[in-house]
Enquirer: 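The structure's right below; bear with me while I get my questions together.
We count ligands from 1, going down the list as the structure has it; atoms in each ligand are counted the same way.
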Amino acid sequence: MAHKFNPSDHPHRRYNPLKGDWVLVCPHRAKRPWKGQLEPAIEQTTPRFDINNPLCPTAHRPNGIVNPDYSGTFVFDNDFPALLDDVPVPDKEDNDELFQTSPAEGNCKVMCFHPHSDLTLALMSRVEVRAVIDKWAELQEELGKMYTWVQIFENRGAVMGCSNPHPHCQVWSSSYLPNEAEVKDKKLKEYYLKHDKNMLLDYAERELKKQVRVIAQNEEWVCVVPFWAVWPYETMLIPLRHTLRFNDLTNKQRDDLVDIMKTLLIKYDNLFETSFPYSMGWHGAPNNSEDNSHWQLHALYYPPLLRSATIRKFMVGYEMLANQQRDLTAEQAAQRLKDLPNIHYSCKKN
Ligand code: H2U
C-alpha cells in the first residue's frame, strides 16, 4: 500500500552538498523500544593539577622539556609530530598510477586551553574561551603564511581517542590540502560557479528561515544539526557574514562565537549529563593566492554518543561497507538539543 512520505517515519537518503555523498536516514528504527543501559556513566574526576601530566604547567614532558607556569593558553610543538618539515621527497621512479606517492611536509602543535586539567570549554569563563579563540586566530595567521592548510581540531574524551583529560586541542599544518578539504573546496567552487553564490551562506540563510534544525543563533552565528548529519548529534557553526578564515573574524564575531560555543557545549554536556565527547575542527579557505570567494569558515562537531553517556554510535558494518546511516533524524536531534537548558548540569547539582 502506498503511503505519503513522512521524513520522520520513512527511510530515505539525504545528500551532503559539501562532500557530494549520501547518508541513509532510518527514522522508523529510532522508535525501537530501548532496554539497554540508561544510567549516566561514572564521571571520572580529574585533578586540577598533576605534576605527572605533561600538559600541566611546570610539568616535565617525556623529552625533558619543562612546561612554563602558564596562566592562560599554552602552545608547544608536538613532541611526537605526525608531520615534519624538510623531509626527503618520495621517488617517482615507477611512475605507476597504482603506486602513487606525494610529498607531505608540515608541522604539528599542541595548544592547552587553560592551566587547570579539570576544566573544559563548556565550563571555562567567557574571557577564557575568548582567549582560546584569539589564540586560534593567531595560529591560523602565523601558520597560514607557511602552509596550505591549517587544521585546528579538538578530540575530547577517551572514547574519541583523546590521550589526556587536560583541556587542549591540536593544530596540524600541511603543505597539501587534506582529503576533506580538497573535496569541500571542489564542491564549494562548483556551487559558486553554478549559482554565483556562496553555498554555506545560502545554506545558513535557509536554515534560519526553516528553523527546524537550528539549535542556537545570535547576530553573527548560527548553530545547526546539518540536514545531512551523519553522527547522531553532529552540529555545524557557521558565521552569518562572509568570512574566509578564522583570523578574519572581527571582534564582534569572536564575542558572539564565545556565546554560541558555550551554549552548544553546555547543551551537549546536559544531553546525557556527562562531559560530552566529540571531535571538532575548523574549516576555512586554503592558504593560497587564489580567489576563495566560494569558501565560508565553519566548525564541525562530530560527537559519537547516541543514547546515553555510555552508548555510542559505531561507524561499522554497513557504514564501512556501503553507506553512512543514522536512525534519529537531524530535526529530532536538533529539537532535543534546542530544548536543553543553557545552564550546565553541574551547576544545578551544586
Ligand atoms: P590528543 O589528546 O588529541 O591525542 O592530543 C595530545 C597530543 O599531545 C598528542 O598528539 C602530544 C601527543 O603527541 N603530546 C606531546 O606532544 N607531548 C607530551 O608530553 C604529551 C602529549
Enquirer: With R13 as the cation and Y15 as the aromatic partner, state whether NZ or CZ is under 6.0 Å from the six-membered ring centre and within 45° of the axis.
Expert: no
Enquirer: Please list, by chain and number, the protein residues whose heavy atoms come under 4.0 Å of ligand 1.
Expert: P54, R61, P62, F76, N78, D79, F80, V110, N155, G161, C162, S163, N164, H168, Q170
Enquirer: Under the rule for ring pair (Phe, Tyr, Trp, His ring centres under 6.0 Å), what residues qualify as partners of Y70, not counting sequence neighbours?
Expert: F74
Enquirer: State plainly whether the residues D259 and R126 are in salt-bridge range, i.e. N to O under 4.0 Å.
Expert: yes
Enquirer: Could I get the full list of ring pair (Phe, Tyr, Trp, His ring centres under 6.0 Å) partners for Y233, not counting sequence neighbours?
Expert: none
Enquirer: What residues form a ring pair (Phe, Tyr, Trp, His ring centres under 6.0 Å) with H116, not counting sequence neighbours?
Expert: H114
Enquirer: Salt bridge or not for E180 and K184, using N-O below 4.0 Å?
Expert: no
